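See below for the structure under consideration.
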Amino acid sequence: MRRRPPGDPERLPASLPAVLRRVLAARGVRADELALDLAHLLPPSGLANIDAAATLLAEAIRAGEPVVIAGDYDADGATGTALAVLGLRALGAAAVHYVVPDRFRMGYGLSPALAEQAAATGARVLVTVDNGISSVSGVASARALGLRVLITDHHLVGAELPAAEVIVNPNLPGCGFASKSLAGVGVMFYVLLALRARLRADGWFDAARREPNLSEFLDLVAVGTVADVVRLDRNNRILVEQGLRRMRAGRMRPGLAALLQVAGRDPARLTAQDLGFVLGPRLNAAGRLDDIRTGIECLLTDDTEHALALARQLDAFNRNRREIEAQMHDDALERLAGDDAIGVCLYSDDWHEGVVGIVAGRLKERLHRPVIAFARARQADLLKGSGRSIPGLHLRDALAAIDARAPGLIERFGGHAMAAGLSLRADALDAFSEHFDALCREWLDEAALAQCLDTDGELAADEMTLDTARALEAAGPWGQGFPEPVFETIARVIEARPVGGDGAHVKYRLAHPAGVLSAIDFNGAERLCDRGEVHLAFTLSINRWQGRESLDLRILALTPL
């Protein structure tokens, strides 16, 4: 365990609880950054090309031209596609269609085949959401088919930009937008804000054509932002917090309400973690196993009964995904036996290409090594890989470096620092694995490879309270880049008992200077300790049951003393 640098609590208001001041200071938060109101959102004007995007869309709306959205098959893409369709309709677009690629036949992004589907809708303008920045051939095909193309994306830029009419991407070279961590749905939200301002200036809205309140769509923005695991800088925290406030008040799309219902979650108690671990996986499951359009239609529908039926389908997909993932994870652990690679590459003919990313993520957490898991694609003789990395190795840059060292080895790649995807010929896997391991050994030192849990230190006995847990919960949203507070302490085990259907979790009662504490160690059966003193790392959580609240420790690490 390693304690986070303390920061300067004196920069924060003395009215805050002392523990909250320590936690926020350690994350570099200043007093002027505490407010998460929409008034503090970065203005759209900071995004490069945003005015040109607004002009293109405003002209299409005024001319009554149909627009087609080219989306993506993950939760960010699904929420972004739904946002684009609903937002453009609300702003007065005559017709808005959408297309999404079949993960198994087309792969990621705007391909020439998807461009043909888009053109077949009769649209004149194509807008990509959460993709497009690497779709050089797809954009060329779309333009050859007579479509004007607006790319809205957040992925890192490759060596060649597609020849779209307009590109809006905070990671575009030369873009000065302060928040480089916008998700795809966040970029689309900003485009809608700029478009509304342009239409307002043009006198488009009147008594008959009401100006929409775009904050009504912040539920979608919040879900996509958290589910895509982008960094929760202040701007993203504003978007997520505002979306959460609406959802807690019951103001959300019927599809999101239905997904919470089938998952047994109370909207009034919703947290950012619920967006990432409850809603996100159910939307993602459709794209991983079947057709993401089930998820998009769930988000688009205004019919509560139809939304519930679709939510049940998504829940069933997610249960199936869990079963497939568990089998693949067990198989992967067997294949890892004796593997001393720093950059881990795994492949099985039996693995599902829609689930390899989840397996790579679980193995990365277990091994604290960069991991790429491959499955056979439905295209002949191709493998599709999905990778997850650790701090210290930018995964997309690593793939770019391998591509430069061994041209032609990788068919296609793209992604972010911590997650990326690629395609290989089946006969190139061994060579790629050697290159990946060699590069990881070159780029990662011993410090980066040492698995270490950062903590916020100890809590005094009088801070180990339900009030502290409530204050920390209210200070969120917590997530990627703005980690939930983790504390450490020493306690004595009074009772330890396996719980859960397969006994994978452990429920503890602990003796502590603060009193007898309840704790849960999820997937902690392998380190169960039934007696003596233990050193714990934990988060403070609130157990809510039948209208009552109690303090619960969620154990992240446990060491017998």
Side-chain angles (χ1 to χ4, degrees), residues 36 38 41 72-83 86 129-130 154 179 181-189 215-288 292 295-296 298-299 307 310-311 314-315 317-318 321-322 357-358 361 418-419 472-484 539 541-542 544 554:
L36 298 179
L38 285 174
L41 201 65
D72 186 24
Y73 43 64
D74 65 1
D76 185 17
T79 53
T81 299
L83 170 68
L86 294 167
V129 177
D130 190 33
H154 68 127
S179 176
S181 301
L182 280 177
V185 68
V187 177
M188 190 64 229
F189 183 70
S215 67
E216 293 178 358
F217 302 122
L218 284 170
D219 53 349
L220 296 172
V221 180
V223 172
T225 297
V226 174
D228 212 46
V229 202
V230 294
R231 181 173 175 268
L232 292 189
D233 58 17
R234 189 194 185 195
N235 206 61
N236 277 338
R237 290 178 66 222
I238 291 171
L239 292 171
V240 172
E241 175 62 17
Q242 292 299 317
L244 279 169
R245 290 181 188 179
R246 295 189 65 84
M247 296 174 78
R248 290 177 190 135
R251 293 179 292 168
M252 69 184 101
R253 298 296 306 164
L256 293 178
L259 285 169
L260 290 174
Q261 180 179 334
V262 299
R265 289 297 197 274
D266 178 6
R269 300 296 185 182
L270 209 59
T271 68
Q273 284 72 26
D274 293 320
L275 305 187
F277 294 106
V278 176
L279 296 176
R282 285 168 171 80
L283 290 171
N284 276 327
R288 292 187 187 282
I292 191 60
I296 295 172
C298 184
L299 299 176
L310 292 171
L314 294 171
D315 192 56
F317 286 144
N318 195 49
R321 186 270 304 167
R322 287 176 179 168
I358 303 175
M418 295 293 104
L472 293 172
E473 183 179 89
W478 309 99
Q480 182 71 22
F482 196 75
E484 186 178 10
T539 61
S541 63
I542 302 172
R544 295 183 170 96
R554 182 161 54 86

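Excluded from the calculations below are hydrogen atoms, water molecules and symmetry mates; all remaining heavy atoms, backbone and side chain alike, are included. Residue numbers start at 1 and run along the sequence shown. All of these numbers come straight from a predicted model, not from anything done at the bench.
In this structure, CG on Leu239 lies 8.0 Å from OG on Ser179, to the nearest 0.5 angstrom. Atom OG1 of Thr79 and atom CZ of Phe217 lie 13.0 Å apart (nearest 0.5 Å). Rounding to the nearest 0.5 Å places CG of Leu275 at 5.0 Å from CG of Leu270. The CG atom of Asp130 sits 4.0 Å away from atom CG of Asp76, with the distance rounded to the nearest 0.5 Å. Rounded to the nearest 0.5 angstrom, Met247 CE and Arg253 CZ are separated by 12.0 Å. To the nearest 0.5 angstrom, Leu244 atom CG is 7.5 Å from Thr271 atom OG1.
Under the 3.5 Å distance criterion, the side-chain polar atoms of Asp219 are left unmatched by any main-chain donor or acceptor of Arg246. Side chain of Gln242 to main chain of Leu36: a donor-acceptor pair is present (N/O by atom type, distance under 3.5 Å, no hydrogens or angles). For the pair Asn236 (side chain) and Ser181 (backbone), a donor-acceptor distance under 3.5 Å is present. Here the side chain of Asp74 pairs no donor or acceptor atom with the backbone of Gly287 at under 3.5 angstrom.
Ala183 approaches Gly224 most closely through the heavy-atom pair CB-O, 4.3 Å. When all heavy atoms of Phe482 and Pro477 are compared, the closest pair comes out as CD2-O, 3.5 Å. Heavy atoms only, all atoms of each residue included: Gly243 and Ala222 are closest at CA-CB, 3.9 Å. Contact between Leu38 and Ser215 at its shortest, heavy atoms only, is CD1-CB, 4.1 Å. For the pair Ala286 and Gly295, the tightest heavy-atom approach, listed with the atom from each and the gap, is CB-N, 4.3 Å. In terms of heavy-atom proximity, Met252 sits nearest to Pro267 at CE-CB, 3.7 Å.
Two residues are said to be in side-chain contact when any heavy atoms from C-beta on lie closer than 4.5 Å; Met418 and Val229 fail this criterion. Residues Leu283 and Val223 meet the side-chain proximity criterion, which asks for heavy atoms closer than 4.5 Å. Considering only heavy atoms from C-beta on, Leu299 comes within 4.5 Å of Leu256 through its side chain. Using a 4.5 Å heavy-atom cutoff, the side chains of Leu220 and Leu86 are in contact. Arg269 is not listed as a side-chain neighbour of Ile542, based on a closest heavy-atom distance of 4.5 Å or more.
With sequence neighbours left out, the side-chain hydrogen bond (donor to acceptor under 3.5 Å, both in side chains) criterion links Asp72 to no other residue. Residues that satisfy the side-chain hydrogen bond (donor to acceptor under 3.5 Å, both in side chains) test with Glu241, not counting sequence neighbours, are Arg245. In this structure, Arg237 has no side-chain hydrogen bond (donor to acceptor under 3.5 Å, both in side chains) partners at least two apart in sequence or on a different chain. Residues satisfying the side chain to side chain contact (heavy atoms under 4.5 Å, CB included) test with Glu484, not counting sequence neighbours, are Gln273, Trp478, Thr539, Arg554. In terms of the salt bridge (Lys or Arg N to Asp or Glu O under 4.0 Å) criterion, residue partners of Glu473 (sequence neighbours excluded) are, by chain and number, Arg544. A search for salt bridge (Lys or Arg N to Asp or Glu O under 4.0 Å) contacts involving Asp233 returns nothing, not counting sequence neighbours. Shown here are the side chain to side chain contact (heavy atoms under 4.5 Å, CB included) partners of Ala311, two or more places apart in sequence or in another chain: Ala258, Leu259, Val262, Cys298. A search for salt bridge (Lys or Arg N to Asp or Glu O under 4.0 Å) contacts involving Arg282 returns Asp315, not counting sequence neighbours. The side-chain hydrogen bond (donor to acceptor under 3.5 Å, both in side chains) search around Asn318 returns Arg321, not counting sequence neighbours.
Pairs of residues two or more places apart, or lying in two chains, that qualify as salt bridge (Lys or Arg N to Asp or Glu O under 4.0 Å) and include a residue from residues 257-266 are Arg265-Asp274.
For the side-chain contact (heavy atoms from CB on, under 4.5 Å) test with Leu83, the passing option among Val129, Leu218, Val221 is Val221; the others fail.
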